[in-house]
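If you read the sequence from its start, that first residue is 1, and numbering goes on from there.
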Amino acid sequence: MAASNSSFDQTSAADAKNGEDFSVHVFSSSAELLEKLHEKWNSVKQQPYPAMYSSVYGGIILDPAMMVIPMDDHMVHRGHGVFDTAIIFDGYLYELDVHINRFLRSASKARIASPFTFSELKSILIQLSAASKCRKGTLRYWLSAGPGNFLLSPAKCPTSAFYAVVIDEDFAQCKEGVKVITSAIPMKSPLFATMKNVNYLPNVLSVMEAEDKGAFSSIWVDKKGYIAEGPNVNVAFINSDKELILPSFDKILSGCTAMRFLQLAPKLVEQGRLKCVKTTDITVEEAKESIEMMYVGSTLPLLPIIMWDEKPIGNGEVGELTMALSDLLWEDMAAGPESQRIPVPYA
């Protein structure tokens, strides 16, 4: 024990000495700081964030060094904020209206008043997309209780804040299957699971847990033993009777892509390839007996799952019906009705 304490004392002394030698730079001016920030972004070959909107600034920002939010924003230090995502695909915004509607529902549950109406939010996001010149990527946006102080309550914050950023990223139809696990991380309560809020620590830990086990992601199961969702996606199953099943949405987030998926999938019923399409409670045992399984989410939009907890789903290969459903979603993104696709008015 004495040797252990001696070793600890020596380490502490060494750390203290190193700490005395460690000097923190103090920026003498905003110009010096901005120069430092530009150094960072000038080294990036391709700018991943071509444009940002901030209601704090009151406009669109094209300089990545200035794409920041205040430290005293309650979304930063209290997690009091909601967000949503839309896709920019081939110069069109896909399902923007339904995402904004869900965004405002989440804001209402989080007791955050939007500084803009639905139409104003939509206009800002379309103009931001145009200014970014991005033709394929994601559009993410947040509504915060706003900056103002470091208190728990937002009562003294002058106003809520709206932020949005365009992320230039490529994505393609997923044709390879992935492995998943059942997550041991507790899922969110229905109140927080059904609003798209920024408190994503359980989601992050759930994905990290899966990666630690060599899997792509995970599946949450509720306290009653029913399938819930993935960390940031919905999940769907096809059973041996050719029924397409999604878990009920009463305790999980109602995915916009999943809802569109439910509208498109009956086409396979009309073709006689599926028996029916439904949402219902499904147990882990029933789910693992499925012949096909998939994640459903905005940026996928459909990802085949071929193994769960080290056991194959069906024959362990990407299913024909899974790919047929994937084709329906991709066709809708590429050439769907005007109600689903808004052309971005690039200059």
Side-chain angles (χ1 to χ4, degrees), residues 34 37-38 40-41 44-70 73-76 80-108 110 112-147 159-171 196-198 200 232 256-257 260 297-299 301 333-334 336 338-347:
L34 189 57
L37 290 170
H38 281 140
K40 171 193 171 183
W41 287 108
V44 177
K45 290 183 179 179
Q46 183 176 352
Q47 167 56 260
Y49 317 124
M52 173 189 175
Y53 174 85
S54 168
S55 65
V56 174
Y57 288 165
I60 293 171
I61 307 146
L62 302 179
D63 183 348
M66 300 305 296
M67 293 180 185
V68 295
I69 63 176
D73 191 302
H74 278 234
M75 184 168 68
V76 175
H80 194 177
V82 298
F83 77 104
D84 221 299
T85 304
I87 294 295
I88 304 174
F89 187 75
D90 195 25
Y92 285 80
L93 281 160
Y94 182 64
E95 289 211 299
L96 181 60
D97 284 12
V98 293
H99 279 93
I100 296 176
N101 277 322
R102 182 177 66 179
F103 179 65
L104 291 173
R105 289 197 302 271
S106 295
S108 178
I112 304 173
S114 173
F116 302 109
T117 65
F118 174 96
S119 296
E120 290 169 336
L121 289 170
K122 182 175 178 179
S123 178
I124 289 169
L125 294 173
I126 291 174
Q127 291 180 64
L128 175 66
S129 301
S132 76
K133 300 181 182 179
C134 175
R135 301 191 66 84
K136 192 174 186 182
T138 55
L139 174 62
R140 299 196 182 192
Y141 39 101
W142 296 261
L143 185 59
S144 160
T159 183
S160 57
F162 178 64
Y163 308 103
V165 66
V166 174
I167 305 170
D168 189 350
E169 58 182 331
D170 194 17
F171 45 87
K196 202 169 178 68
N197 63 83
V198 300
Y200 256 47
N232 62 341
C256 295
T257 305
R260 183 59 179 163
S298 294
T299 56
M333 287 170 60
E338 290 183 2
S339 60
Q340 302 299 122
R341 301 167 68 245
I342 299 172
V344 178
Y346 301 101

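- Within the 4.5 Å cutoff, no side-chain heavy atoms of Tyr49 are placed close to those of Asp168.
- Here the CE-OH distance, from Met333 to Tyr92, works out to 13.5 Å after rounding to the nearest 0.5 Å.
- Taking all atoms of both residues into account, the shortest heavy-atom contact from Pro147 to Val56 is CG-CG2, 4.3 Å.
- In this structure, Leu143 CG and Asn197 CG are separated by 12.5 Å, a value rounded to the nearest 0.5 Å.
- Residues Leu93 and Leu125 share a closest heavy-atom pair of CD1-O, 4.5 Å.
- Minimum heavy-atom separation, Pro345 to Ile126: CD-CG2, 3.4 Å.
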Report task. Take Thr138 and Ile88 through the side chain to side chain contact (heavy atoms under 4.5 Å, CB included) test and state the conclusion after the steps. Result -> CA-CA 6 Å; Thr138 55; Ile88 304 174; over 6 Å; no
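- The number of heavy atoms from other shown groups lying within 6.0 Å of OH (Tyr163) is above 12.
- Within the 3.5 Å criterion, the main-chain N or O of Cys134 finds a donor-acceptor partner in the side chain of Tyr346.
- Enclosure of atom CZ in Phe89 by more than 12 non-hydrogen atoms of other residues, nucleotides or ligands within 6.0 angstrom is indicated.
- From Leu62, atom CG reaches atom CG of Leu128 across 9.0 Å, with rounding to the nearest 0.5 Å.
- Nearest approach of Val82 to Phe103, heavy atoms of both residues: O-CE1, 3.8 Å.
- For the pair Tyr57/Met66, a side-chain contact is recorded, criterion being any heavy-atom separation below 4.5 Å from C-beta on.
- For the pair His74 (side chain) and Ser160 (backbone), a donor-acceptor distance under 3.5 Å is absent.
- Atom OG of Ser298 is separated from atom CG of Leu139 by 11.0 Å, given to the nearest 0.5 angstrom.
- Closest non-hydrogen pair, Ala161 versus Ser55, comes out as CA-OG, 3.4 Å.
- Remark: Ile124 CD1 to Ile100 CD1 distance equals 9.5 Å, nearest 0.5 Å.
- Going from atom CZ of Phe83 over to atom NZ of Lys196 covers 4.0 Å, rounded to the nearest 0.5 Å.
- Of all heavy-atom pairs between Tyr141 and Ala164, the closest is CB-CB, 3.7 Å.
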Query - Steps toward side chain to side chain contact (heavy atoms under 4.5 Å, CB included) verdict (Asp63, His38) - result: CA-CA 9 Å; Asp63 183 348; His38 281 140; 2.8 Å; yes
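- Under the 30°/60° scheme for interplanar angles, the aromatic rings of Phe116 and Tyr53 are found to stand perpendicular.
- Counting only heavy atoms from C-beta outward, the side chains of Val68 and Leu37 never approach each other to under 4.5 Å.
- For the 3.5 Å distance criterion, the side chains of Glu95 and Thr257 fail to qualify, holding no donor opposite an acceptor.
- Because its NZ or CZ atom is both nearer than 6.0 Å to the ring centre of Phe171 and within 45° of the ring axis, Lys136 counts as a cation-pi partner of that residue.
- Listed for the Ser132 side chain is a donor-acceptor partner under 3.5 Å among the backbone atoms of Ser129.
- The salt bridge (charged side-chain N to carboxylate O under 4.0 Å, His left out) with Asp97 is formed by just one residue from the set Lys122, Arg260, Arg102, Arg341; it is Lys122.
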